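Heads up: the structure comes next, in structure tokens.
All figures in this text were calculated on a predicted structure; none of them were measured in a lab. Side chains included, hydrogens not; waters and symmetry mates left out as well; all remaining heavy atoms used. For the single chain, residues carry numbers from 1 onward in sequence order.
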Amino acid sequence: MRAPVVCAVVVAGGCGSRFGNPGGKQLVNVAGRPMLTWSIMAFDRSMYVGHIVVVCPPERRDEMRRLAIDPFEFQTPITFTDAGETRQDSTRAGIEAVPTGFDYVSIHDGARPLITTEAINIAIASLLGDASVDGVVCGQPAIDTLKIVDGNRIVETPPRSMYWAAQTPQIFKLDVVRRAHEEAIRQGFVGTDDSSLVERMGGCVMCVESPRDNLKVTLPEDLRPVTAILLGRMSDAESVQDTGIIARSPLR
């Protein structure tokens, strides 16, 4: 295979206000490793990924490197850039920090520690295999009945067959997503995710189904199912081969 063409941007800039941890949630221990480490591990093992940019507050950079990166034998170069005031600011900073030589960027929430290398590779291959597509969004078709509500009154029940729950990673042609962020700045637009910025400027984005257990940790109670899933993977020999990594030294 040719040299990797994707740079992964892992966004770890949240303050953890909903999680209830003033130091954020990225370094919370989950199944024996910091939450952020699990996400980095998955990208580190992808044959498509040649660089990883971690977006975090500048005052936490040393701590994140010491606890979530240095104790582990990552093969992919990892650099940092400073988080912005909003998630959109942070993802833009990550995109701007992509080194030269990469044509694609994969943007991922550091609070989704259950993403697998297999899911990353499938999503990237879907984008690389279709020149007409500007990006792909990992997600799942909606399975719950959806309601449109005004106040607390239901006004419509749309057909759920047209709805997906969007996750990350979201992978784009680098030049396209850079233009989308520049256009959003010019027009003062704030989207709910990076795909919405590409969509509004006419870009073609495709949904790619990823595992339903690619959960995002938002509240403390989210740690229980996430930890159970990770421990289950670690107890399975095949999954350990896919997601395991040997620590150089214990976390302090």
Will you find, in the side chains of D193 and Q170, an N or O donor that is under 3.5 Å from an N or O acceptor? yes
Would you say H51 and T76 are linked by a side-chain donor-acceptor pair, where the criterion is simply a distance under 3.5 Å? no
Sole residue of R87, R178, R200, R92 in salt bridge (Lys or Arg N to Asp or Glu O under 4.0 Å) with D194: R87
Give the intermediate values and the outcome of salt bridge (Lys or Arg N to Asp or Glu O under 4.0 Å) for residues R186 and E183. CA-CA 5 Å; R186 282 195 294 268; E183 188 69 17; 2.4 Å; yes
Side chains of [X] and [Y]: closer than 4.5 Å at any heavy-atom pair?
{"X": "V6", "Y": "F102", "answer": "no"}
{"X": "T91", "Y": "V55", "answer": "no"}
{"X": "C7", "Y": "P99", "answer": "yes"}
{"X": "V149", "Y": "V155", "answer": "no"}
{"X": "L27", "Y": "E63", "answer": "yes"}

Looking at [X] and [Y], would you say the former's side chain and the latter's main chain have a donor-acceptor pair under 3.5 Å?
{"X": "D103", "Y": "V5", "value": "no"}
{"X": "D44", "Y": "I40", "value": "no"}
{"X": "T117", "Y": "R45", "value": "no"}
{"X": "D109", "Y": "R112", "value": "no"}
{"X": "T37", "Y": "A68", "value": "yes"}

Residue from I52, V9, I78 passing side chain to side chain contact (heavy atoms under 4.5 Å, CB included) with F43: I52
Take atom CD of E59 as the centre, draw a 6.0 Å sphere, and report whether it contains more than 12 heavy atoms from other residues, nucleotides or ligands. yes
